[in-house]
Amino acid sequence: MQSKLKNRYMIPYILWIVLFVIVPILLIGYKSLFDINGNFTFNNYIEYFTSLNYLKMSFNSILYAFIITLVTFLISYPTAYFLSRTKYKNLWLLLIILPTWINLLLKAYAFIGIFSKSGEFNQFLALLGIAPKQILFTDFSFIFVAAYIEIPFMILPIFNSIEDINPSYIEASRDLGASQFTTFRRIIFPLTLNGVKSGVQAVFIPSLSLFMLTRLIGGNRVITLGTAIEEHFLVTQNWGMGSTIGVILIFAMIIFMVFTGSKGKKGRDIL
């Protein structure tokens with residue numbers, strides 16, 4: 001009886017996955033097999049893997065996604081660590097989550113104003129006696145804004161993994177004479193690796209296909225596969241090539257998830 005009820009509860013979930021995940025992926029894969037004139041062909045894939053422009057865009061996408069993920073991690077891990085030791089952690093978590101409720105487009109336009117030559121950032125530099133700088137439409141502004149947007153998605157899984165650590169492990173480490181750094185290196189960080197992996201997945205995968213920030217903040221100086229997909233669908237109308245890049249991105253994301261997947265080991269092989 002219980003198994004029948006569980007199967008019934010699974011029906012909406014299965015329908016959602018089929019209609020909004022599997023079917024769109026199949027449609028993208030199908031569309032990638034046609035050229036701009038509607039003829040069946042494999043030339044889209046051949047062109048992608050033989051074109052220096054597409055290979056360069058692939059390299060740029062991976063590079064920028066890696067940099068954004070690294071910057072986000074370097075900020076998020078210490079934040080999550082100290083946040084777990086504060087008194088009003090739930091309040092601080094709420095303040096970290098609040099920016100995710102704001103529309104991405106609104107945040108992008110807000111940073112356009114902040115980083116413009118007459119914006120608040122340059123006004124602050126003027127107080128320090130530094131002439132206005134061209135900050136908008138640079139790699140710095142693109143990485144800064146992308147990392148700012150992605151930070152909550154890195155902090156939350158790391159924070160949860162830190163909270164799940166059994167305090168007795170840390171107490172035992174200290175009783176055995178380990179320093180704080182050794183305790184962190186041998187106990188805390190290994191036990192939070194699953195949270196780190198989840199955070200890296202939540203940041204790296206979306207960063208691979210960024211396109212709106214590349215235009216609004218990067219000023220098209222940053223060309224990624226997400227930008228190429230947008231160009232093919234909205235400008236050149238070459239939906240076949242755009243779908244091909246989408247299929248390749250999907251496979252790249254799956255491969256990345258496999259390599260960064262959690263193995264479910266908690267508390268083992270640490271010492």
Side-chain angles (χ1 to χ4, degrees), residues 6-51 53-66 68-69 72 100 103-105 108 146 149-150 152-154 156-157 194 196-215 222-264:
K6 288 181 180 179
N7 291 334
R8 289 179 182 177
Y9 290 141
M10 287 291 290
I11 291 175
Y13 174 76
I14 294 172
L15 286 175
W16 179 274
I17 294 295
V18 170
L19 291 176
F20 299 105
V21 178
I22 296 176
V23 171
I25 290 175
L26 292 177
L27 288 174
I28 291 174
Y30 173 77
K31 195 66 181 177
S32 68
L33 299 175
F34 293 88
D35 61 18
I36 195 170
N37 298 316
N39 301 317
F40 183 85
T41 181
F42 289 101
N43 286 338
N44 290 329
Y45 290 94
I46 296 173
E47 181 182 353
Y48 178 89
F49 288 106
T50 57
S51 171
N53 288 331
Y54 287 121
L55 294 177
K56 183 179 179 181
M57 280 189 285
S58 302
F59 175 77
N60 285 338
S61 297
I62 296 172
L63 177 63
Y64 281 109
F66 172 78
I68 292 167
T69 304
T72 305
T100 64
N103 184 273
L104 178 62
L105 189 61
I149 291 171
E150 302 286 0
F153 304 104
M154 179 75 79
L156 289 176
N194 284 344
V196 172
K197 290 177 180 179
S198 298
V200 167
Q201 288 179 0
V203 173
F204 186 87
I205 291 175
S207 298
L208 274 177
S209 55
L210 287 174
F211 70 92
M212 185 174 68
L213 292 182
T214 59
R215 291 196 178 279
V222 180
I223 305 298
T224 64
L225 292 179
T227 310
I229 293 174
E230 182 198 22
E231 285 284 337
H232 284 306
F233 273 95
L234 300 181
V235 180
T236 66
Q237 298 294 307
N238 189 351
W239 290 15
M241 195 63 208
S243 299
T244 300
I245 300 173
V247 169
I248 292 169
L249 267 178
I250 290 171
F251 275 105
M253 294 172 183
I254 292 173
I255 292 171
F256 181 78
M257 291 181 68
V258 169
F259 277 100
T260 58
S262 301
K263 300 184 184 300

Geometric class of the Trp16/Phe20 ring pair [parallel <30°, tilted 30-60°, perpendicular >60°]: tilted
Ignoring hydrogens and angles, state whether a donor on the side chain of [X] or [Y] is under 3.5 Å from an acceptor on the partner side chain.
| X | Y | value |
| --- | --- | --- |
| Thr227 | Thr214 | yes |
| Ser58 | Tyr48 | yes |
| Tyr45 | Ser32 | yes |
| Thr260 | Gln201 | yes |

Asn44 side-chain N/O to Phe34 backbone N/O, donor-acceptor pair under 3.5 Å: yes
Backbone of Leu105 reached by a side-chain donor or acceptor of Asn103 within 3.5 Å: yes
So which heavy atom on [X] is nearest to which on [Y], and how close?
| X | Y | result |
| --- | --- | --- |
| Ser209 | Leu249 | CB-CD1, 4.0 Å |
| Thr224 | Met57 | O-SD, 4.0 Å |
| Met154 | Thr69 | CE-O, 3.9 Å |

By side-chain contact (heavy atoms from CB on, under 4.5 Å) - contacts of Ile22 (at least two apart): Ile17, Val18, Leu26
Ring-ring centroid check Phe204 Phe66, cutoff 6.0 Å: no
side-chain contact (heavy atoms from CB on, under 4.5 Å) between Ile46 and Thr41, intermediate numbers included: CA-CA 10 Å; Ile46 296 173; Thr41 181; over 6 Å; no
Residue pairs passing the salt bridge (charged side-chain N to carboxylate O under 4.0 Å, His left out) test where at least one lies in residues 226-245, sequence neighbours excluded: Arg215-Glu230, Arg215-Glu231
Where at least one partner belongs to residues 200-209, residue pairs that pass salt bridge (charged side-chain N to carboxylate O under 4.0 Å, His left out), sequence neighbours excluded: none
4.5 Å side-chain heavy-atom contact, Leu55 and Thr50: no
Ile245 side chain near His232 side chain, heavy-atom distance below 4.5 Å: yes
Verdict with supporting geometry, Tyr64 and Leu210, side-chain contact (heavy atoms from CB on, under 4.5 Å): CA-CA 10 Å; Tyr64 281 109; Leu210 287 174; over 6 Å; no
Nearest-0.5 Å distance, [atom1] of residue [X] to [atom2] of residue [Y]:
| X | Y | atom1 | atom2 | value |
| --- | --- | --- | --- | --- |
| Ser207 | Ile62 | OG | CD1 | 12.5 Å |
| Leu208 | Met253 | CG | CE | 5.5 Å |
| Ile68 | Leu63 | CD1 | CG | 9.5 Å |
| Asn238 | Ile36 | CG | CD1 | 4.5 Å |
| Trp239 | Ile28 | CH2 | CD1 | 12.0 Å |
| Leu225 | Phe59 | CG | CZ | 12.5 Å |

Verdict with supporting geometry, Phe42 and Leu33, side-chain contact (heavy atoms from CB on, under 4.5 Å): CA-CA 6 Å; Phe42 289 101; Leu33 299 175; 3.7 Å; yes
CA sep, side-chain torsions, deciding dist, call: Asp35, Phe40, side-chain contact (heavy atoms from CB on, under 4.5 Å): CA-CA 7 Å; Asp35 61 18; Phe40 183 85; over 6 Å; no
